[in-house]
Amino acid sequence: MKRCRRLLAALCVSAMLLALVLAGTASADEIEIYQVAENDKMVELPVDAMPAWINGIIYVPYLVFDRSVTLVNLGVSYGLSRTDSEYKLSLYSLSGTLVFDLNDGTCVDSLTGESLDMKAVLRNGRPFVPLAAVCRYFELSYTYTPTIYGTLIRITNGQERMNTNQFVDAATASSAMRSRYYNYLAQLNPSSSSSPTPSASPSASTPPTQSSQEPEEETGGDLMLAFLCTPADGLDTLLSTLDSAGIQALFLFQPEDISQYATEIRQILGSGHMIGLTVSGNKTDELLSSLEEGTKQLERAAHLRTHTLYAPDASSGTLRQLEQAGWVCWNPDLDARPDGRSQSTQASALLNRLNSRGGQTSLLLDASTDSAGILSRILPSLRRNDFQFHLAVETQF
C-alpha cells in the first residue's frame with residue numbers, strides 16, 4: 001500500500017511539473033484573459049482569481065461579492081465558514097440565501113431548504129461559484145463580451161447607467177483595462193520579455209493595430225464628481241458645463257429640499273446624472289426617518305428610488321447600520337468645496353492636488369456658482385492630463 005501511494009505521489013508530481021513546463025512555454029496568444037466589471041465600474045481582481053470555464057460553465061470567485069474588493073454594492077454579500085470538518089460559502093441578499101458546501105459539492109436555498117443544481121468549487125485556494133446560476137437566483141444580469149483586452153464579464157443589478165455597448169466602448173478605451181491586461185499577461189507568462197499585441201476573439205470587431213511594447217505610463221487617473229446641493233444657486237451653470245463636456249456626476253440633496261428642487265432634479269436625471277441624499281447627524285433612527293421622508297419626496301418628484309447616501313457626520317458604526325438598511329454610503333477622497341479664495345486660486349490648488357494623487361479620486365464640490373467657475377477652469381487641464389471621468393456612485397463604503 002505504501003509503495004502504491006509513493007508511486008501515485010510521484011505520478012502527480014510529474015504531471016504538475018509537465019503542466020508547469022507547458023504553461024511556461026505557452027505563447028501569449030494562447031493565454032485567455034478575463035476581466036470583470038460591475039455596474040459601471042471595472043473591478044480589479046488578483047490574477048489567480050480570474051474567472052474560468054469549468055466543465056463548460058463560467059465560474060467567478062466569491063470576491064465579486066466582496067464590496068471591499070469591488071467597491072460596488074450589488075446587493076449580495078458573502079460569508080465563509082471553515083472548520084476541520086466543513087467548508088461552507090454563503091451568498092445572501094434581502095431576497096434569499098445560498099449555502100454552498102464545498103466538501104459535499106452541494107448548494108441549498110436556506111429559506112426553502114431546497115437543494116439546487118449548482119455547486120461551488122475550489123480554485124487556487126478560493127471558492128468559485130457558477131456565474132449564470134447565481135445571477136439568476138439573485139436576479140442579477142451579466143454579459144460576456146470579447147474585447148481586444150480579453151473577455152469582459154460585466155455583472156449588473158439594474159443600477160448601471162450605461163448599456164452594454166456604451167460600457168464596453170468606455171472600458172476598452174480606458175488605461176485601467178489596458179494596464180490590467182498587460183499585468184495579467186506578465187504574471188501568466190513571465191518568460192515573455194515584451195507585451196504582445198492584443199487581439200480580439202473571432203466574434204469581436206477587428207481592433208486597430210497595437211504596439212508590441214508595454215504601454216507608456218499615463219498621467220491623470222479616474223475622476224468622479226459629486227455636488228452637494230446646499231446651496232444650489234449654480235445648478236444651471238453646472239449642468240451646462242457638464243453636458244458640454246459629456247461628464248456625468250452625482251448630485252446630493254437634503255430630504256427637506258427635494259420638493260423645492262423637483263424640476264431641477266428631473267432635469268438632472270434627464271441629462272444622465274445620478275441623484276443621492278445627504279443627511280446630517282449621527283443618530284441612526286433619526287437618519288433613517290429623514291431618509292425615508294427623502295425617499296418619498298424623490299418618488300413623488302421624479303419616480304426615483306435612490307440608495308446612495310452621503311452622511312458626513314455619521315460614525316463608522318452608524319454607517320454600518322445604514323448599510324445594513326440598504327444604503328450605499330458614499331465618501332469623497334477630496335473635499336474641494338469653495339473656501340472663499342478666488343476661483344482661479346482654488347482651481348490651481350485643486351489641479352495640483354489631483355495631479356499629485358493620480359489613480360482613482362472621488363471629488364466633492366457644491367452646486368454654487370463658485371464651484372461652476374472652478375470646474376470650468378480645471379476641465380481643460382484635466383483633459384490634457386488624461387483624467388477619465390466616471391459616474392460618482394458606489395465608490396466608497
So, F128 versus Y59, ring centres under 6.0 angstrom or not?
-> no
Flag, side chain of Q248 to backbone of G272, donor-acceptor distance under 3.5 Å | yes
Please say whether more than 12 non-hydrogen atoms of neighbouring residues, nucleotides or ligands are located less than 6.0 Å from CG in D117.
-> no
Report yes if the side chains of L188 and M50 come closer than 4.5 Å at any heavy-atom pair, otherwise no.
-> yes
side-chain contact (heavy atoms from CB on, under 4.5 Å) partners of A349, counting only residues at least two apart = R341
Got a donor-acceptor contact below 3.5 angstrom from the S371 side chain to the D366 backbone?
-> yes
Identify the two heavy atoms, one from L238 and one from F227, that lie closest to each other, and give their separation to 0.1 Å.
-> CD2-CE2, 3.6 Å
Which pair of heavy atoms, one from L288 and one from L322, lies closest together, and at what distance?
-> CD2-CD2, 3.6 Å
Say whether, by atom type as modelled, one donor and one acceptor occur between the side chain of R337 and the main chain of L364 under 3.5 angstrom.
-> no
So which pairs with a foot in residues 71-89 pass salt bridge (charged side-chain N to carboxylate O under 4.0 Å, His left out), sequence neighbours left out?
-> E86-K88
Donor-acceptor pair, E38 side chain versus L74 backbone, under 3.5 Å?
-> no
Answer yes or no: are there more than 12 heavy-atom neighbours, outside N55 itself, under 6.0 Å from its atom CG?
-> no
Does I378 offer a backbone N or O that forms a donor-acceptor pair with the side chain of S381 under 3.5 Å?
-> no
CA sep, side-chain torsions, deciding dist, call: R353, T361, side chain to side chain contact (heavy atoms under 4.5 Å, CB included) | CA-CA 10 Å; R353 294 174 72 187; T361 303; over 6 Å; no
Would L375 and L242 count as a side chain to side chain contact (heavy atoms under 4.5 Å, CB included) if you check the C-alpha gap in whole Å, the side-chain angles of each, and the deciding distance to 0.1 Å?
-> CA-CA 9 Å; L375 181 63; L242 293 171; 3.8 Å; yes
Do D40 and R154 sit within salt-bridge range, that is, some charged N less than 4.0 Å from a carboxylate O?
-> yes
